[in-house]
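By convention here, the first residue in the shown sequence is residue 1.
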Amino acid sequence: MKISVEPGKCVASGMCVLVEDSVFDQDEATGTVRLLTDTDPPEEVRENVREAARVCPALAISITEESSA
């Protein structure tokens, strides 16, 4: 799994941090999304990362699922 964020699109709602604070944070100055890791989050938080991308009101989070083949 590869995660990318677009802080310029972010509206600082903080939904991503509420869903998974081990992967997402908010910039202290702007409140916009800050990524704590961009690849291979632990298996136990991957569904939360997907949920964070789904609930982002600005669609500022992108996920690319890497094939295991």
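The pair Arg34-Asp27 fails the salt-bridge criterion, with no side-chain N (NZ, NE, NH1 or NH2) lying under 4.0 Å from an Asp/Glu carboxylate O. Salt bridge annotation for Arg54-Glu47: present, with a cationic side-chain nitrogen under 4.0 angstrom from a carboxylate oxygen.
The only member of Leu36, Val19, Ile3 that meets side-chain contact (heavy atoms from CB on, under 4.5 Å) when paired with Phe24 is Ile3.
At a threshold of 4.5 Å between non-hydrogen side-chain atoms, the residues Arg46 and Asp40 count as touching. Using a 4.5 Å cut-off on side-chain heavy atoms (C-beta onward), Glu51 and Glu20 make no contact.
Of all heavy-atom pairs between Ile63 and Ala53, the closest is CD1-CB, 3.7 Å. The two atoms that bring Ala52 and Ile61 nearest to each other are O-CD1, 3.8 Å, heavy atoms only. Summarising the geometry of Ser13 relative to Gln26, their closest heavy-atom pair is C-NE2, 4.4 Å, with the distance given to 0.1 Å. Closest non-hydrogen pair, Val33 versus Cys10, comes out as N-SG, 3.3 Å.
Residue-environment remark: CD (Glu28) stays at or below the threshold of 12 foreign heavy atoms within 6.0 Å.
Each of Val5 and Met15 belongs to its own hydrophobic cluster when Ile, Leu, Val, Met, Phe, Trp and Tyr are linked at side-chain heavy-atom distances under 4.5 angstrom. Both Leu18 and Val55 are members of a single hydrophobic cluster when ILVMFWY side chains are connected at heavy-atom separations under 4.5 Å.
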